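Worksheet: the structure to be examined is printed underneath.
Computed from a predicted structure; not experimentally measured. The chains referred to below are lettered A, B, ... by the order of the sequence lines, with proteins before strands, and numbering in each begins at 1. We use all heavy atoms of the structure for the numbers below, so side chains are in, but hydrogens, waters and symmetry mates are not.
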Amino acid sequence: MKPSIPKGTRDFGASELRKRYYIINTIKGEFERFGYAPLETPVMENLSTLTGKYGDEGEKLLYRILNSGNFLDGIDASQLSEMSHKQLQTQIAEKGLRYDLTIPFARYVVMNQSRLAFPFKRYQIQPVWRADRPQRGRYREFYQCDADVIGTNSLLNEAELTQLYDRVFAQLKIPVTIHLNNRKILAAMAETAQQSDRLTDITVAIDKLDKIGMDGVRRELTERGIDEIAQNIIADFLRIEGSPEVVLAQLAERFANSEMGKKGIAEMKTLLQYLQTATDGGSPLANHLKIDLTLARGLNYYTGTIYEVKTNIVQMGSLGGGGRYDDLTGAFGLKGMSGVGISFGLDRIYDVLEETKGFAQIDQTGTTRLLLINFGGAAEQYAFRLVTQLRQSGICAELYPEPAKLDKQMKYANAQQIPYVGFTGDEEMTRQQVKIKNMASGEQKSVAIADAISRLIK
RNA sequence: GUACUCAUAGCUCAGUAGGUUAGAGCGUCGGAUUGUGGUUCCGAAGGUCGUGGGUUCGAGCCCCAUUGGGUACCCCA
């Protein structure tokens with residue numbers, strides 16, 4: 001049998017993991033700095049938790065787990081042929097793999113509401129699964145790194161999360177643009193165009209502006225049944241360009257009669273003011289901040305601020321996204337809990353750094369400081385005792401597991417980039433010493449065990 | 001769900017117009033070298049050319065189908 005792994009999944013070797021840990025540690029460090037606490041949830045959830053949350057497109061991408069045992073038990077064979085695959089699905093699968101970290105978080109909050117102190121801030125770094133067609137920057141199993149705060153309406157949270165995005169990408173040295181928009185502004189735009197009930201159709205179309213241009217957007221809107229008068233109003237909005245202040249001023253003119261629009265603008269203004277205040281007039285962020293009226297985000301649970309982070313140093317989808325949701329916990333029976341959160345796409349960040357040689361500074365050596373050569377017999381016993389002692393002293397050390405040829409053992413040390421090799425031959429044993437060789441310089445010296453320990457402690 | 005593209009040794013790839021026994025580099029193993037690695041030299045193992053069918057005197061190469069990988073659309077981190 002030829003071994004293989006499912007399409008869109010990957011194994012991670014030592015060198016890849018060291019790079020992944022570097023990213024994770026950077027993100028985790030900022031999460032902690034901003035006061036978020038860790039959380040992990042199961043890889044599988046009840047399907048009832050997941051369904052109805054991600055829209056039709058998302059629902060198709062859910063991995064469903066076949067019930068254990070005889071999953072056909074209780075299914076009428078005569079009805080089988082008349083059942084749609086969707087109907088059958090609900091009867092033979094009641095669990096699924098998590099699709100994102102936000103819904104499991106909402107589920108967790110509702111289940112533990114009596115124990116949690118609100119506002120509740122948590123971060124979560126775990127894999128999620130989507131039954132998508134893999135391609136560049138897209139995998140079936142990938143990591144999301146989420147930070148969410150729930151139980152507070154304050155836009156201070158939005159400001160902090162913007163800073164959090166900024167800090168992480170500044171540390172990773174990936175120049176990004178943080179795209180900001182507000183669902184209320186989008187809703188007001190649809191309202192102004194007399195198309196409030198077609199918000200989703202409109203956002204799907206305008207989201208493609210930079211890809212297909214204004215003509216393409218108009219074509220898409222036509223296909224979705226939006227008339228030309230409405231299209232003109234929408235196109236007029238999309239012409240708004242410039243600094244956040246300019247964009248907001250122009251929006252204010254158009255939203256003179258829209259309560260929803262005014263609210264969206266006010267929220268955006270407050271957010272920007274917080275950011276300005278933070279640095280006392282200095283440049284608030286290391287990265288670009290842009291009000292992007294075409295930013296919509298597919299998930300329909302967003303109600304206020306929405307985020308998306310993109311880089312233009314390499315061709316890649318968004319590196320992160322998020323936003324405010326007013327009623328995510330409502331579906332689980334807890335009303336009136338507003339929250340806001342952001343997500344980092346670990347795998348895409350990895351791909352960007354890999355392509356731009358952004359990992360150059362990562363230490364790729366292993367942790368082992370010393371390899372003891374195995375000469376067999378009494379020398380092996382002596383070396384095993386020594387390696388035990390070294391480890392008890394907190395030194396990462398290895399003893400080659402068999403008395404192989406010296407050449408082979410030395411090559412092993414090279415391959416693992418182990419900085420020191422220790423020899424314990426007859427001479428060293430009688431003197432209770434070990435000969436330590438520095439693999440980089442080639443220098444070697446016989447020293448007493450105690451000296452060896454103090455030498456090897458960094 | 002649609003389209004495009006690729007598939008030869010463990011890995012990365014050559015393979016000329018269809019023509020004898022399918023090659024290289026890296027890696028692995030052995031040797032030069034039984035207590036001193038990186039460099040070097042010598043040698044060895046390793047392939048039903050993704051699979052099935054067809055055309056041909058003859059197919060890794062041409063045709064059809066199929067499977068798998070990649071990419072684009074859709075959607076998304």
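Following rounding to the nearest Å, A:Leu295 (CG) and B:A77 (C1') show an atom-to-atom distance of 14 Å. B:A77 atom C1' lies 16 Å from atom CD of A:Glu57, rounded to whole Å. The distance from atom CG of A:Asp207 to atom P of B:A77 is 11 Å, rounded to the nearest whole Å. Taking atom CZ of A:Arg348 as the reference point, atom C1' of B:C76 lies 6 Å away to the nearest angstrom. When the P atom of B:C76 is taken as reference, atom CZ of A:Arg140 falls 18 Å away, rounded to whole Å. For the pair A:Tyr99 OH and B:A77 P, the interatomic distance rounds to 7 Å; values are reported in whole Å. Put simply, NZ on A:Lys211 is 9 Å from P on B:A72, counting in whole angstrom units. For the pair A:Lys208 NZ and B:C74 C1', the interatomic distance rounds to 7 Å; values are reported in whole Å.
For the pair A:Arg297 and B:A77, the criterion of a side-chain N or O lying under 4.0 Å from OP1 or OP2 is met. Dashed line: the shortest gap from a side-chain N or O of A:Lys408 to OP1 or OP2 of B:C29 is under 4.0 Å. For the OP1/OP2 pair of B:C74 and a distance below 4.0 Å, the side-chain nitrogens and oxygens of A:Lys60 include no atom meeting the criterion.
Side chains of A:Tyr412 and A:Glu398: a donor on one and an acceptor on the other come within 3.5 Å.
Across the P atoms, B:C61 and B:A22 are found 14 Å apart, a figure rounded to whole Å. To the nearest whole angstrom, the two P atoms, one in B:G27 and one in B:G68, are 34 Å apart. Separating the C1' atom of B:G47 from that of B:C11 is a span of 14 Å, rounded to the nearest Å. When the P atom is used for both B:G23 and B:U48, the distance is 15 Å, rounded to whole Å. On the C1' atoms, B:U33 is 15 Å away from B:G38, given to the nearest whole Å. Between B:G69 and B:G53, the two P atoms lie 23 Å apart (nearest whole Å). Across the P atoms, B:A65 and B:U40 are found 49 Å apart, a figure rounded to whole Å. Straight-line distance between the P atoms of B:G10 and B:U5: roughly 28 Å, to the nearest whole Å.
Other residues, nucleotides and ligands contribute only 12 or fewer heavy atoms inside 6.0 Å of the CE atom of A:Met44.
Under a 3.5 Å cut-off, the side chain of A:Thr329 and the backbone N or O of A:Leu334 do form a donor-acceptor pair. The closest donor-acceptor contact from the side chain of A:Lys60 to the backbone of A:Asp56 lies at 3.5 Å or more, if one exists at all. Proximity of a side-chain donor or acceptor of A:Asn287 to a complementary backbone N or O of A:Thr177 within less than 3.5 Å is not detected. Looking at A:Arg136, its side chain never comes within 3.5 Å of a backbone N or O of A:Met316 through a donor-acceptor pair. Under a 3.5 Å cut-off, the side chain of A:Tyr123 and the backbone N or O of A:Glu30 do not form any donor-acceptor pair.
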Legend entry - Verdict with supporting geometry, A:Ser48 and A:Asn46, side chain to side chain donor-acceptor pair (under 3.5 Å): CA-CA 5 Å; A:Ser48 56; A:Asn46 291 326; 5.0 Å; no
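Here A:Phe344 lies out of heavy-atom contact (under 4.0 Å) with every strand. Among the atoms of the strands shown, none is found under 4.0 Å from any heavy atom of A:Ser343. Using a 4.0 Å heavy-atom distance criterion, A:Leu319 is classed as a sugar-phosphate-only contact. Backbone-only engagement by A:Val204 is indicated by non-hydrogen atom pairs under 4.0 Å involving sugar-phosphate atoms exclusively. Within the 4.0 angstrom heavy-atom criterion, no nucleotide atom of any strand lies near A:Lys310.
No option in A:Leu285, A:Thr311, A:Val176, A:Ile178 other than A:Val176 meets the side-chain contact (heavy atoms from CB on, under 4.5 Å) test with A:Phe169. The residue from A:Gln144, A:Arg10, A:Arg138 that alone fulfils the side chain to side chain donor-acceptor pair (under 3.5 Å) condition with A:Asp347 is A:Arg10.
Stems are defined here as 3 or more consecutive Watson-Crick or G-U wobble pairs with pairing distances under 3.5 Å; those involving RNA chain B are B:1-7 with B:67-73, B:10-13 with B:23-26, B:28-32 with B:40-44, B:50-54 with B:62-66.
You'll find the side chain of A:Asp146 reaches within 4.5 Å of the side chain of A:Arg122, heavy atoms only. Under the 4.5 Å side-chain criterion, counting only non-hydrogen atoms from C-beta, A:Met268 is not in contact with A:Pro244.
A:Arg130 forms no cation-pi arrangement with A:Tyr63, by the criterion of a distance under 6.0 Å to the ring centre and an angle within 45° of the ring axis.
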Protein-nucleic acid N or O pairs under 3.5 Å, nucleotides 69-71 of chain B:
from  : atom 1 : to       : atom 2 : distance (Å)
B:U71 : OP1    : A:Arg136 : N      : 3.0
B:U71 : OP2    : A:Arg136 : N      : 3.2

Inset, instruction - Could you encode protein contacts along nucleotides 35-41 of chain B as a string, one character per nucleotide from 5' to 3', using B for base contact, S for sugar-phosphate-only contact and - for no contact, with a heavy-atom cut-off of under 4.0 Å? - result: BBBB---
